[in-house]
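As a basis for the values below, the full set of heavy atoms in this structure was taken, side chains included, without hydrogen atoms, waters or symmetry mates. What you are looking at is a predicted structure, and each value in this text was computed from that prediction instead of being measured.
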Amino acid sequence: MGIHRLNHAVLYVSDLARSVAFYRDVLGFRPVEMTPDGFRGATFLQAPDSTNDHDLGLFEIGAAAGRSTAGRSTVGLYHLAWEVDTLDELAATAERLAAAGALVGTSDHGTTKSLYGQDPDGLEFEVVWLIPADLLDDAALSARKRIGRLDLDRERQRYGGQTRGGVGISVPA
């Protein structure tokens with residue numbers, strides 16, 4: 001099976017309108033008209049600059065649904081990671097997540113610079129910038145074996161805020 005990339009994810013949510021507003025207003029996803037006729041309680045969203053017909057499906061299961069306990073008391077998916085093009089975009093995303101009370105952590109994984117967020121139902125996600133292949137060095141590669149503190153200002157000074165991430169790694173050179 002030759003997988004090229006993740007095409008989309010589907011999440012069960014307790015309040016569809018609240019979740020759509022979060023993914024739209026905080027992360028910039030836009031609703032796309034593809035919900036089957038007569039089907040209620042679902043919305044499909046496309047990420048900014050995506051070429052997928054949709055990147056996220058949200059299915060409402062109602063207000064009585066509990067928050068996810070995956071990884072704490074049940075098995076389940078921990079998170080999905082969405083890649084952004086620049087460190088400036090990662091910094092702007094950090095500001096929007098913090099303003100929404102949804103930023104739950106940051107990490108420097110050596111070759112990747114990561115934000116961690118939670119949606120209104122407590123479902124976690126990661127937003128990541130990858131060092132381009134031509135800028136990788138031994139220090140970044142060896143740092144993949146640790147989780148360090150992310151200093152976005154330092155990383156923007158080092159790599160440039162507008163340097164396109166992932167080139168030669170997740171994006172063709």
* Would you say the side-chain atoms of Arg144 pair up with the backbone N or O of Thr112, donor to acceptor, closer than 3.5 Å? -> no
Residue pair [X] / [Y]: nearest heavy atoms and the distance that separates them:
| X | Y | value |
| --- | --- | --- |
| Gln162 | Asp88 | NE2-OD2, 2.9 Å |
| Ala70 | Ser68 | N-OG, 3.2 Å |
| Ile131 | Ile169 | O-CG1, 3.7 Å |
| Ala143 | Gly110 | CB-CA, 3.5 Å |
| Arg154 | Arg149 | NH2-O, 4.4 Å |
| Ala100 | Val26 | CB-CG2, 3.7 Å |

Establish whether [X] and [Y] are linked, either directly or via other cluster members, by ILVMFWY side-chain heavy-atom contacts under 4.5 Å.
| X | Y | answer |
| --- | --- | --- |
| Val171 | Leu135 | no |
| Val167 | Val127 | no |
| Phe59 | Val20 | no |
| Leu141 | Leu150 | yes |
| Val10 | Val32 | yes |

[atom1]/[X] to [atom2]/[Y] distance, rounded to the nearest 0.5 angstrom?
| X | Y | atom1 | atom2 | result |
| --- | --- | --- | --- | --- |
| Arg156 | Thr163 | CZ | OG1 | 11.5 Å |
| Thr106 | Glu126 | OG1 | CD | 11.0 Å |
| Leu130 | Asp85 | CG | CG | 11.0 Å |
| Asn7 | His54 | CG | NE2 | 6.5 Å |
| Glu89 | Arg164 | CD | CZ | 10.5 Å |

* Using the ring pair (Phe, Tyr, Trp, His ring centres under 6.0 Å) rule, collect all pairs that involve residues 93-114, keeping only residues at least two apart or in two chains. => none
* Structure fact -> So ring pair (Phe, Tyr, Trp, His ring centres under 6.0 Å) across residues 117-154, not counting sequence neighbours, yields Trp82-Phe125, Trp129-Tyr159
For the residue pair [X] and [Y], establish whether any side-chain heavy-atom pair is separated by less than 4.5 Å.
| X | Y | answer |
| --- | --- | --- |
| Asp25 | Arg96 | no |
| Asp15 | Pro120 | no |
| Leu87 | Leu152 | yes |
| Leu90 | Leu115 | yes |
| Thr86 | Val84 | no |

* To do: With sequence neighbours excluded, tell me which residues meet side chain to side chain donor-acceptor pair (under 3.5 Å) with Ser170.
  => Glu83
* Who passes side chain to side chain contact (heavy atoms under 4.5 Å, CB included) against Asp121, sequence neighbours left out? -> Val13, Ser14, Arg18, Ser19, Asp119, Leu123
* What residues form a side chain to side chain contact (heavy atoms under 4.5 Å, CB included) with Asp134, not counting sequence neighbours? -> Pro132
* Asked: When you look at Arg67 and Gln118, which way does the side-chain contact (heavy atoms from CB on, under 4.5 Å) test go after all the steps?
  -> CA-CA 11 Å; Arg67 291 174 71 84; Gln118 279 188 352; 3.5 Å; yes
Tell me which donor-acceptor pairs under 3.5 Å the side chains of residues 41-49 have, and how far apart each pair is, sequence neighbours excluded?
residue, atom, partner, partner atom, Å
Gln46, OE1, Arg30, NE, 3.3
Gln46, OE1, Arg30, NH2, 2.9
Gln46, NE2, Asn52, O, 2.5

* Asked: Taking everything shown except Tyr116 itself, do over 12 heavy atoms lie less than 6.0 Å from its OH?
  -> yes
* No-hydrogen, no-angle side-chain donor-acceptor test under 3.5 Å, Ser114 and Ser107 -> no
